[in-house]
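Below is one structure; the comments refer to it alone.
Each chain gets a letter, A, B and so on, in the order its sequence line appears, and its residues count up from 1. Keep in mind the model is a prediction, meaning the values are calculated, not measured.
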Amino acid sequence: MSKKIASIRGMNDILPEQSALWQWLESRVKNVLASYGYQEIRMPVVEHTELFKRSIGEVTDIVEKEMYTFDDRNGDSLTLRPEGTASCVRACEQHGLLFNQVQRLWYLGPMFRHERPQAGRYRQFHQIGVETFGMDGPDIDAEVILLTARLWRELGLSGRVRLELNSLGSSEDRARYRDALVVYLSAHEDRLDEDSKRRLARNPLRVLDAKDAGTREVLKDAPLLTEYLSDDAREHFEGLRAILDRAGVEYQINPALVRGLDYYGKTVFEWITDDLGAQGTVCAGGRYDGLVEQLGGRSTPAVGFAMGIERLILLLEQQMPELPTPADIYVVSVAENGAEKITALMLAESLRDTLAGIRVQCHCGGGGLKAQMKKADRSGARFTLILGEDEIAAKTVSVKDMRGIIEQQQVAQAALADWLAAHFVSGEVNG
RNA sequence: GUGGCUGUAGCUCAGUUGGCAGAGCUCCGGAUUGUGAUUCCGGCGGUCGUGGGUUCAAGCCCCAUCAGCCACCCCA
């Protein structure tokens, strides 16, 4: 026997048993997005490496050590997308979707980061992302957050996630603050833990959420980001808070909330759960007014977020919503071939023609009636249709209610669709 | 990239101080002819993650490697 080939580390198959939940999640999310008038955009999974370097930031971990980058046959450096925002901006810009107009978009798909796999973190993972363009007021920030709040209600996760909020100010505000912070922290560098020293050099704002006690002590007297906010940024943030308060969305201001990607400014937010171990962030986003220009377009305000589908699935698995089984009707016939089998297949076909939305599974392959009944049971079907010699001769079919509520009976084949429709539609059966 | 724990049947796991590889579930078949989820009986199924080493003998001890889980880093 030759050696078996396994999937790539951190890149998982989603098996039928799980895909039902994925589909349930995706359809609910899509409904909510549609209810806000958002439209889908689909981008390629591979882009020029340069796109991510310019958007995410050269010195971020993502770009420095987590990207799947390779040379195309013509020598171009290509990268499997580590996130969707850059691609989305590129696509919109490339097709003129941003000039003098407003866009509300969403996408769904796999992202790739070469990290060590862990609960809720994989090398190929899936995000549902939302990006809006052309709106600079706090109203759109609020809309996007209200949308996510509705999502949690729709998924039954409201009680398990909390919202954290912060404002990073404009990019100039942030730059001034960063300088002040670096000056302060450098003066106390000897009291910082190793991680924070490294961050100080690479991404100073991230020192803010250090866990080390000594570092926290130093941070007590550090300059505050809020003191560096421009009036514009401050008003924007207060405007957003006013809307959220009015809408009854609860949140916590977290001054240490600093998104890892370089392009964020002003509003940043995260939805966090405590039920997933170390990977608590389930949805994160914010405003990135500078990114479009940074990628060569005209200055365009933008707000967006992304949520990790695997993490949401992990949460949902803990509370399993009732999921549909594969079939509503299972068709069984006593002979593996011959008249019964042909009639069974034809009957199933005609039911699919007539009964829209009803799922009919026809038994194929061998097995006695007993075995076939067992399969019928496993399929979750409400009714099993039995075709044997007697039924063929009489042009009928025996209909068995697998829940035993309706007595088994013979129904004329010609009247079968109506019989089933009546029982499914009447509401006495919920398929 | 760093550290800790774990890899035995399709799945969940047991396996004594090294001495011929086990259970439950699933699957398949049977318990009077054409009727499922319960019950009873039987059967299929493993080079013990992989590669080396120690030993008369390795699932068990040693080394390496791969994978999974958990945490750090980072992030959805």
Arg150(A): side-chain hydrogen bond (donor to acceptor under 3.5 Å, both in side chains) partners, not counting sequence neighbours
Tyr36(A)
May I ask you to list the residues of residues 37-50 of chain A, by number, that have any heavy atom positioned under 4.0 Å from an atom of RNA chain B?
none
Produce a footprint string for nucleotides 29-34 of chain B: one letter per nucleotide, 5' end first; B if the base is under 4.0 Å from any protein heavy atom, S if only the sugar-phosphate is, - if neither.
S----B
Presence of salt bridge, Lys197(A) and Glu194(A), under 4.0 angstrom
yes
So, is Gln279(A) near the phosphate of C75(B), with a side-chain N or O under 4.0 Å from OP1 or OP2?
no
Contacts of type side-chain hydrogen bond (donor to acceptor under 3.5 Å, both in side chains), residue Thr325(A), not counting sequence neighbours:
none
Provide the distance between the two C1' atoms, one in A58(B) and one in C63(B), to the nearest whole Å.
15 Å
Identify whether any heavy atom of Ala284(A) sits under 4.0 Å from a base atom; if not, whether one sits that close to sugar-phosphate; answer base, sugar-phosphate or nothing.
sugar-phosphate
Output side-chain donor-acceptor pairs under 3.5 Å for residues 385-392 of chain A, partner residues at least two apart or in another chain, one line each.
from: Glu391(A); atom 1: OE1; to: Gly388(A); atom 2: N; distance (Å): 3.0
from: Glu391(A); atom 1: OE2; to: Ser398(A); atom 2: OG; distance (Å): 2.6

Considering just the side-chain nitrogens and oxygens of Arg9(A), establish if one lies under 4.0 Å of OP1 or OP2 belonging to G68(B).
yes
In whole Å, measure the gap between the P atoms of G24(B) and U38(B) for me.
15 Å
Taking only heavy atoms on the protein side, list every residue of residues 152-168 of chain A lying under 4.0 Å from any atom of RNA chain B, sorted numerically.
none
Just to verify, what does Arg352(A) make a salt bridge (charged side-chain N to carboxylate O under 4.0 Å, His left out) with, not counting sequence neighbours?
Glu349(A)
Result for 5'-nearest mapping on RNA chain B, choosing between Met402(A) and Cys283(A), is Met402(A)
Between the protein and nucleotides 3-9 of chain B, are there any N/O to N/O pairs under 3.5 Å, and if so, what are the atom names and distances?
none

Between Arg198(A) and Asp195(A), does at least one N-O distance fall below 4.0 Å, as a salt bridge requires?
yes
Looking at Gln39(A), I want to see if its CD is surrounded by more than 12 non-hydrogen atoms of other residues, nucleotides or ligands under 6.0 Å.
no
Distance check, P atoms only: C61(B) and U17(B), in whole angstrom units.
11 Å
With rounding to whole Å, what would you report as the distance between U12(B) and C41(B) at their P atoms?
26 Å
Side-chain donor-acceptor distances from residues 405-421 of chain A under 3.5 Å, at least two apart:
from: Gln409(A); atom 1: OE1; to: Trp419(A); atom 2: NE1; distance (Å): 3.4
from: Gln409(A); atom 1: NE2; to: Glu407(A); atom 2: O; distance (Å): 3.2
from: Gln410(A); atom 1: OE1; to: Thr396(A); atom 2: OG1; distance (Å): 2.8
from: Gln413(A); atom 1: NE2; to: Thr396(A); atom 2: O; distance (Å): 3.0

OP1 or OP2 of C74(B) sitting under 4.0 Å from any side-chain N/O of Arg199(A)?
yes
In numerical order, the residues of residues 15-25 of chain A whose heavy atoms come under 4.0 Å of RNA chain B are none
For RNA chain B, which ranges pair as stems of 3 or more consecutive Watson-Crick or G-U pairs, with both donor-acceptor distances under 3.5 Å?
B:1-7 with B:66-72, B:10-13 with B:22-25, B:27-31 with B:39-43, B:49-53 with B:61-65
Classify Arg198(A) by what it touches in the nucleic acid, base, sugar-phosphate, or nothing, heavy-atom distance under 4.0 Å.
sugar-phosphate
For the C1' atoms, the ones on G53(B) and on U6(B), what distance do you get once it is rounded to whole angstrom?
22 Å
Does Tyr122(A) or His114(A) map to a spot on RNA chain B nearer the 5' end, using the closest nucleotide for each?
His114(A)
With a 4.0 Å cut-off on heavy atoms, is Lys400(A) in touch with a base, just the backbone sugar-phosphate, or nothing at all?
base
Set of salt bridge (charged side-chain N to carboxylate O under 4.0 Å, His left out) partners for Glu83(A), sequence neighbours left out:
none
To the nearest 0.5 Å, how far apart are CZ in Arg81(A) and CZ in Phe52(A)?
8.0 Å
When the C1' atoms of G4(B) and G10(B) are considered, how many whole Å apart are they?
30 Å
Indicate, with a heavy-atom threshold strictly under 4.0 Å, whether Gly120(A) touches base, sugar-phosphate, or nothing.
base
Side chains of Leu147(A) and Phe305(A), heavy atoms from C-beta outward: is any pair under 4.5 Å?
yes
Quick test of your reading of the model: are Arg359(A) and Asp328(A) salt-bridged, counting only N-O distances below 4.0 Å?
yes
Would you say the side chain of Asp275(A) lies within less than 4.5 Å of the side chain of Gln318(A), judging by non-hydrogen atoms?
yes
What interatomic distance, in whole Å, is found between P of A9(B) and the corresponding atom of G45(B)?
15 Å
How is Glu66(A) classified with respect to the nucleic acid when contacts are heavy atoms under 4.0 Å: base, sugar-phosphate, or nothing?
sugar-phosphate
State which residue, out of Tyr68(A), Phe125(A), Tyr122(A), fulfils the side chain to side chain contact (heavy atoms under 4.5 Å, CB included) condition with Arg113(A).
Phe125(A)
Determine the interatomic distance between P on A37(B) and the same-named atom on G52(B); round to the nearest Å.
47 Å
By the 4.0 Å heavy-atom rule, please label Gly280(A) as base, sugar-phosphate, or nothing.
nothing
Options A76(B), G68(B), G36(B), nucleotide nearest the side-chain atoms of Thr281(A)
A76(B)
